[in-house]
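Have a look at the structure below, then the notes.
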Amino acid sequence: MKSHCWRQARRFWSGLLLMAWLAAAAPARAVVGYGGSTWGQVAQDFGGLEGLGSMGYVEQGVDWAELPGHTLFRSYADYRWRLRTLNTNYYNLRGFTLGTEFQFPIFRLGAQYNWSDYTSRNENTRSFALYLGHYYNWDLSRWPGLGSFLGVPIVGYPGSTWGFHATDCGGPEGFSTMGFVQQGIDWFILPGNIPFQTFGLYRWRLRSKNVALYNDYGPAVGASLRGGPFEGGYDYSWQYYPEIRTTVRESEIFLRWYYTWDLKHLR
């Protein structure tokens, strides 16, 4: 298995080198874009298992070609982190990634090579991963008859789902999946075009290796304010930790952000 993974990694590196050579040889106008993004959150958990935590990434990519079906073929580099103050073993990490993927309107399918530092163990790992990600959003208020809630006019019913599913090919996490499905109600708009929202969601975080106090899943309810790339709020969740067979009722306050750019179109 290990030799098979290293063969995959060598092919991955060969593909990256080929793309780098093509980039150097092609005129700048042949590249579709230089898309980048950052996502992250800071949260204080009051349930006693995770404490103060933060996770996120900063990514810069090259969009090489747009294929039929609004599909981008791209490569990217990113810096990512996942940190918390309690139960940090095989949870806390930071590191770099090089990857290449096909980005469809809803899905992304790709491969990446990771350099990860598990900070609480002073352990550095390198791993090759294959992954499938998804993201989709909607607003139910566009449906006939859903312009109000129990007779109260509302702004909208925004919902979304996100997930990331990967196998790290012999690495420390094995097969992993995390994500959420969320449905909200935007009740009114505050000055500055800031919606006030209440929401319900179901979220999960699972992997096949080093699972203690990492794996959990369950529902949550909460409220938030959104302005520009930022969202801040509160939620109360019922999270089941299967390794200790315990459901923890916990509340948290959070601040999240998401922002994208394209260096090709900056002025």
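Predicted model only: the values in this text are computed from it and were never measured.
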When hydrophobic residues are tied together by side-chain contacts of less than 4.5 Å, even through go-betweens, does M178 share a cluster with F175? no
Salt-bridge contact E252-R84 (side-chain N to carboxylate O under 4.0 Å): no
Kindly compute the distance separating OG1 (T161) from OH (Y136), expressed to the nearest 0.5 Å. 11.0 Å
Cluster link F164 to L93, ILVMFWY, side chain under 4.5 Å: no
Linking I/L/V/M/F/W/Y whenever their side-chain heavy atoms sit closer than 4.5 Å, directly or via other members, would L263 and V31 fall into one cluster? yes
How far apart are the closest heavy atoms of A77 and L98, and which atoms are they? CB-CD2, 3.6 Å
Ignoring hydrogens and angles, tell me if any N or O in the side chain of T246 forms a donor-acceptor pair with the backbone of I244 under 3.5 Å. yes
Is R80 reaching over with its side chain to a backbone N or O of F96, donor-acceptor style, under 3.5 angstrom? yes
Taking every heavy atom of N215 against every heavy atom of L206, the minimum-distance pair comes out as OD1-CA, 3.4 Å
Just by distance, do the side chain of S54 and the backbone of Q41 share a donor-acceptor pair under 3.5 Å? yes
Is a salt bridge present between R205 and E50, judged by a nitrogen-to-oxygen distance below 4.0 Å? yes
Output yes when a side-chain donor or acceptor of R226 lies under 3.5 Å from a complementary backbone atom of I194, and no otherwise. no
With the threshold set at 4.0 Å, does a side-chain nitrogen-carboxylate oxygen contact exist between R203 and D235? yes
Do you see a donor-acceptor pair shorter than 3.5 Å between the side chains of S224 and E231? yes
Treating Ile, Leu, Val, Met, Phe, Trp and Tyr as nodes and any side-chain heavy-atom pair under 4.5 angstrom as an edge, say whether F254 and Y236 lie in one connected cluster. no
Passes side chain to side chain contact (heavy atoms under 4.5 Å, CB included), L72 versus L67? Steps please. CA-CA 6 Å; L72 285 178; L67 306 175; over 6 Å; no
Has the side chain of D117 got a donor or acceptor atom that lies under 3.5 Å from a matching backbone atom of G95? no
For Y34, does its backbone N or O pair with a side-chain atom of D262 as donor and acceptor, under 3.5 Å? yes
Y234 side, atom OH; I253 side, atom CD1 - distance, nearest 0.5 Å: 10.0 Å
Go through the steps for E250 and W238 under the test side chain to side chain contact (heavy atoms under 4.5 Å, CB included), then give the verdict. CA-CA 7 Å; E250 54 189 9; W238 294 259; over 6 Å; no
Any chain of hydrophobic side-chain contacts (each under 4.5 Å) joining Y91 to L86? no
For Q103, is there any backbone N or O sitting under 3.5 Å from a side-chain donor or acceptor partner on T71? no
Strictly under 6.0 Å, is that where the ring centroids of Y214 and Y90 end up? no
Taking the six-membered ring for Trp, are Y113 and F128 closer than 6.0 Å centroid to centroid? no
Distance col, row T247:OG1 vs Y240:OH, nearest 0.5 angstrom, shows 6.5 Å
Among Y76, W261, Y79, find the residue that satisfies the side-chain hydrogen bond (donor to acceptor under 3.5 Å, both in side chains) test when tested with Q60. W261
Evaluation steps, side chain to side chain contact (heavy atoms under 4.5 Å, CB included), between T260 and W39: CA-CA 9 Å; T260 64; W39 173 88; over 6 Å; no
Side chain of T38, backbone of Y57: donor and acceptor closer than 3.5 Å? yes
For the atom pair CD (Q182) and OG (S160), what is the distance rounded to the nearest 0.5 Å? 5.0 Å
Does any part of the side chain of W187, heavy atoms only, come nearer than 4.5 Å to the side chain of T198, both counted from C-beta? yes
Is there a side-chain contact between S237 and R249 in this structure, where contact means two heavy atoms from C-beta onward sitting under 4.5 Å apart? no
Of Y157, Y202, W138, which is the lone residue that meets side-chain hydrogen bond (donor to acceptor under 3.5 Å, both in side chains) with Q183? W138
Any non-hydrogen side-chain atom of V211 less than 4.5 Å from a side-chain atom of K209? no
Using a strict cut-off of less than 4.0 Å between a Lys/Arg side-chain nitrogen and an Asp/Glu carboxylate oxygen, indicate whether E173 and R207 qualify as a salt bridge. yes
Would you call R108 and Y131 a side-chain contact if the rule is heavy atoms closer than 4.5 Å? yes
So, are E59 and R74 salt-bridged, with charged N and O less than 4.0 Å apart? yes
Side chain to side chain contact (heavy atoms under 4.5 Å, CB included), that's the test. Do Y118 and R82 meet it? Break it down for me. CA-CA 9 Å; Y118 287 86; R82 185 180 69 214; 4.3 Å; yes
Restricting to non-hydrogen atoms, name the atom on D45 and the atom on G48 that form the minimum distance, rounded to 0.1 Å. OD2-N, 3.9 Å
Correct closest heavy-atom pair for G174 and D168 would be N-OD1, 3.0 Å
Smallest heavy-atom separation, L190 atom then L225 atom, equals CD1-CD2, 3.7 Å
CG/D186 to CG/D139 distance, rounded to the nearest 0.5 angstrom? 7.5 Å
With rounding to the nearest 0.5 Å, note down the distance linking CG in N114 to OG1 in T97. 4.0 Å
